[in-house]
Structures are given as C-alpha cells and as structure tokens.
There are 2 protein chains.
Amino acid sequence: MIFKALASEPRRRILHHLLAEPMTVGEIADNFEMAMPSISRHLAILKQAGLVRERKRGQYMLYALVTDQLTGPLYDFLAPFCEQARAIVAARPRRRGRD
Amino acid sequence: MIFKALASEPRRRILHHLLAEPMTVGEIADNFEMAMPSISRHLAILKQAGLVRERKRGQYMLYALVTDQLTGPLYDFLAPFCEQARAIVAARPRRRGRD
DNA sequence: TAGCTAAATAGGAAAATATCTAAATGCAAG
DNA sequence: CTTGCATTTAGATATTTTCCTATTTAGCTA
C-alpha cells in the first residue's frame, strides 16, 4: 500500500512536513488549503501504509513520521534499478573526442 | 507523475520484467493475465512518466527500462527520509539493561 | 455538567483509473 | 495490393479516489 500512499502530492507534502518534527493534525492542516477532515483522511491512509504513527497527546493527536517502510520495502524496490543504472554507467565507454 | 505510475502492481511488475532486457509488448503481455490493450495502456503511462522508452523494431515495438527517474527524482525524494532514519539510529542510546 | 476545541466519521458528488471488447493503424511479406 | 500479425486507439462500464459539508466522538476547562 505504500506506493498508493505516496501517489498523492498532499500526502507526500505531509510526510515532508513531518520530517522536521511530529505535529498535530491542526498544525499540519495549517499548511494546506484542504479542509481538516481531508487531512485526517490522508493521515489515516499514511498510517495504514505504516508511514506515520499517531499518539494521543491530551485532546490533540500527534502524528510522527515512521521511516521503516521507506528505508525498507521502498528502498528494496528501488535498489535493483539503481544497480542496473550503475552497471550502465560502468559499461559506458570513455570518450576522447567531443560530446 | 512517477509516483502515480508506480502506484500500480502491474506497472511495477512490468518494470521489473524490463530489468532483464528490453521486450516487445507481446512478450511482456505473456507474463500477465491482462488483455494486451491494457498492457499497452500501462506502458503508455510508464512512458509518460519517463520510466520506459519505446523503439520501433520492424512491426514490433520494443520497450526498454529507463532508470533516470528512479535514480534521480525518486531517489531524491527518498534521501531525506533515509537521512533522518540514519540520524535516529545514531542518536539511539546504547542499552545496558532490559528495554 | 456545560461549553469549547480537536479530530474522526458519515454521506455524497465529481473526477480519475482500470480493464474489457471491438475497431483502427502500421508494417511486412507473399 | 491484399492478407496477416503486433500494437494502439475508441468506447463503455465498474471501481476507486478525492474532497467537500455536516455530524459525531473525545477530551479539556470552568
């Protein structure tokens, strides 16, 4: 589900915001034009994908980034492609002339 | 568009197949239960996202992986999160007793 | 408890996606 | 130039996603 979760600009922006520090839903919502229920919904999707965790802080809900899915599964997906890219670079002949 | 392009299991599987070597649409389609027009559509989306390139080979169309978007923009997106994960690991106190 | 605030849920409308079948296009080879 | 194969485009439908407003839940504070 992580790829679907990331396939939304608002959600990627939310993650980026949380990079700095955990935030309440309201704090997050302040950075968006979207209504708060929509933010809440996006957070639920991110949570389901394991990209954030939530914690009750009095009457606030504090959302924090969780990097495990990004540094694990997503990185694992990406690795073979990077690998191949490296192979291509390595195989590229050195040029002496222009270009 | 790259994130949307990746938010589909068939499309991710197609990319994975192309990791081995360039393939025609028919060859790709052989690995799926999906009808060929659907595969063609997925390939168009991948192409628009810059994840594959196409080349006419006689009456066949040869599709090949392009890793630039993965090793560039996607990697750039991912990097700060990996960075933070590393920071968290570094800051974690050594434990002597139980948790 | 009553009133206030934060957040989540419900319900619904609009837009985007996925996938199929059928038809069109493009190339190749007799 | 006609026939055949590979691929794409069209058209249609079902599903999913997104985002809103209104309502509900939960906790704080007087």
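Each chain gets a letter, A, B and so on, in the order its sequence line appears, and its residues count up from 1.
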Take atom CD in Gln48(B); do more than 12 heavy atoms of anything else shown fall under 6.0 Å from it?
no

If you assign Lys4(A) and Glu33(A) each to the DNA chain D nucleotide with the nearest heavy atom, which residue ends up on the more 5' nucleotide?
Lys4(A)

Distance in angstrom units between Leu6(B) CG and dA18(C) P, rounded:
12 Å

With side chains defined as the heavy atoms from C-beta onward, is the minimum distance between Leu74(B) and Leu6(B) less than 4.5 Å?
yes

Contact class for Arg11(A) vs. all strands (heavy atom < 4.0 Å): base, sugar-phosphate, or nothing?
sugar-phosphate

Using a cut-off of strictly less than 4.0 Å, decide whether Ser38(B) has a side-chain nitrogen or oxygen near OP1 or OP2 of dC20(C).
yes

Does dT17(D) have its OP1 or OP2 closer than 4.0 Å to a side-chain nitrogen or oxygen of His42(A)?
no

Starting at CD of Gln48(A) and ending at P of dT17(D), how long is that distance when rounded to a whole Å?
10 Å

Taken to the nearest whole Å, CE/Met23(B) to P/dT7(D) is 11 Å

Map Ile45(A) and Arg57(A) onto DNA chain D by nearest heavy atom, then report which one ends up closer to the 5' terminus.
Ile45(A)

For the pair Glu9(A) and Arg12(A), find out whether any cationic side-chain nitrogen is under 4.0 Å from an anionic carboxylate oxygen.
no

Do Asp30(B) and Ile28(B) have side chains that approach each other closer than 4.5 Å (heavy atoms only, starting at C-beta)?
no

Apply the test ring pair (Phe, Tyr, Trp, His ring centres under 6.0 Å) to residues Tyr63(B) and His42(B): give CA-CA distance (whole Å), side-chain angles for both, the deciding distance (0.1 Å), then the verdict.
CA-CA 12 Å; Tyr63(B) 277 88; His42(B) 282 305; over 10 Å; no

Nearest 0.5 Å, what's the CG-OG1 distance between Asp76(A) and Thr71(A)?
9.0 Å

Are the side chains of Ile2(A) and Leu70(A) in touch, meaning some heavy atoms are under 4.5 Å apart?
yes

In this structure, how many angstroms lie between the P atom of dC27(C) and the CZ atom of Arg55(B), rounded?
15 Å

To the nearest angstrom, how far is Phe32(A) atom CZ from dC19(D) atom C1'?
14 Å

Pairs: protein N or O with nucleotides 6-13 of chain C N or O, under 3.5 Å:
from: dA7(C); atom 1: OP1; to: Val25(A); atom 2: N; distance (Å): 3.2
from: dA7(C); atom 1: OP1; to: Met61(A); atom 2: N; distance (Å): 3.4
from: dA7(C); atom 1: OP2; to: Gly26(A); atom 2: N; distance (Å): 2.8
from: dA8(C); atom 1: OP1; to: Tyr63(A); atom 2: OH; distance (Å): 2.8
from: dA8(C); atom 1: OP2; to: Ser40(A); atom 2: OG; distance (Å): 2.5
from: dA8(C); atom 1: O5'; to: Ser40(A); atom 2: OG; distance (Å): 3.3

Can you tell me how far P of dT17(C) sits from CG of Leu46(B), to the nearest Å?
14 Å

